[in-house]
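Side chains included, hydrogens not; waters and symmetry mates left out as well; all remaining heavy atoms used.
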Amino acid sequence: MTLKPNELLNVAVTAAEDKKAMDIVVLDLRGVSLIADYFVICHGNSDTQVQAIATEIRKQAHDAGVALRGLEGMDAARWVLMDLGDVIVHIFHRDEREYYNIERLWSDAKVVENV
C-alpha cells in the first residue's frame with residue numbers, strides 16, 4: 001500500500017503528537033526543493049523523549065506500510081533525521097533546535113501546520 005504524501009504526513013505528525021513532541025511545524029517544500037514534499041520539525045525535552053518520538057514514527061509508518069529509507073542520529077538523540085520518502089522528519093533535542101533553527105533556513109517554504 002502506497003500512501004499519498006499528505007497521508008504520510010498525517011501518520012508522522014500523529015505519531016509525534018502521540019509521544020508529546022513539542023512545537024510541531026510542517027513545512028511544504030513543494031515548489032521549493034526536490035528533496036521531499038514536506039519537512040516535519042519538532043523537538044523533545046530529553047534524549048529519551050527524542051528517541052521515543054522517532055521510535056513511534058517508525059512504528060506507525062511501518063504499520064501503514066511505509067519503509068523507512070534512512071535514519072540518522074538515534075544514538076546521540078540530539079537531532080534525529082528520518083527519511084520517509086516524501087516526508088522528512090527532523091526531531092531535535094530542545095537545545096539543538098534553538099541552535100540550528102532550520103525553520104529559518106527553509107524560510108521560503110510555506111508553513112502548513114503549526115501544532
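- What you find for A64 and V11 is that their closest heavy atoms are CB-CG2, 4.3 Å.
- Atom SG in C42 sits 10.0 Å away from atom NE2 in H90 (nearest 0.5 Å).
- Residues D28 and Y38 have side chains in contact (heavy-atom distance under 4.5 Å, counting atoms from C-beta outward).
- Heavy atoms from other residues, nucleotides or ligands lying under 6.0 Å from CD of E7 number more than 12.
- Atom CD1 of I102 is separated from atom CH2 of W106 by 9.0 Å, given to the nearest 0.5 angstrom.
- Considering CD1 of I53 and CD of E17, their distance stands at 11.0 Å, rounded to 0.5 Å.
- Between L81 and I88, the closest side-chain pair of non-hydrogen atoms falls below 4.5 Å.
- We find the CG-CG distance between D47 and D75 to be 11.0 Å, quoted to the nearest 0.5 Å.
- Pairing each heavy atom of V80 with each of A54, the nearest pair is CG1-CB, 3.9 Å.
- Screening M82, R97, H43 for a side chain to side chain contact (heavy atoms under 4.5 Å, CB included) involving I91 leaves a single residue, M82.
- Contact annotation: the side chain of L8 approaches that of V66 to within less than 4.5 Å [non-hydrogen atoms, C-beta and beyond].
- Classified by interplanar angle (parallel below 30°, tilted 30° to 60°, perpendicular above 60°), the ring pair W79/Y100 is tilted.
- At least one donor-acceptor pair under 3.5 Å links the side chain of T55 to the backbone N or O of Q51.
- No side-chain heavy atom of L84 sits under 4.5 Å from any side-chain heavy atom of R69.
- Contact check for I41 versus F92: side-chain heavy atoms found under the 4.5 Å cut-off.
- Annotation: salt bridge (Lys or Arg N to Asp or Glu O under 4.0 Å) contacts involving residues 49-60, sequence neighbours excluded, comprise K59-D63.
- More than 12 heavy atoms of other shown residues, nucleotides or ligands fall within 6.0 angstrom of atom CG in L105.
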| request: Check the pair K4 / D86 against salt bridge (charged side-chain N to carboxylate O under 4.0 Å, His left out), numbers first and verdict last. | output: CA-CA 9 Å; K4 295 177 184 174; D86 293 322; over 6 Å; no
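- Atom CG in L27 sits 11.0 Å away from atom OG in S33 (nearest 0.5 Å).
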| salt bridge (charged side-chain N to carboxylate O under 4.0 Å, His left out) assessment of D23 paired with R94 | CA-CA 10 Å; D23 194 18; R94 179 186 61 241; over 6 Å; no
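- Going from atom CG of D83 over to atom CD of E72 covers 10.0 Å, rounded to the nearest 0.5 Å.
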| field | CA sep, side-chain torsions, deciding dist, call: V111, E103, side chain to side chain contact (heavy atoms under 4.5 Å, CB included) | value | CA-CA 9 Å; V111 175; E103 293 96 323; over 6 Å; no
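- Counting heavy atoms from C-beta outward, I24 and V40 have side chains that approach closer than 4.5 Å.
- Annotation: side chain of K20 is in contact with side chain of Q49 (closest heavy-atom distance under 4.5 Å).
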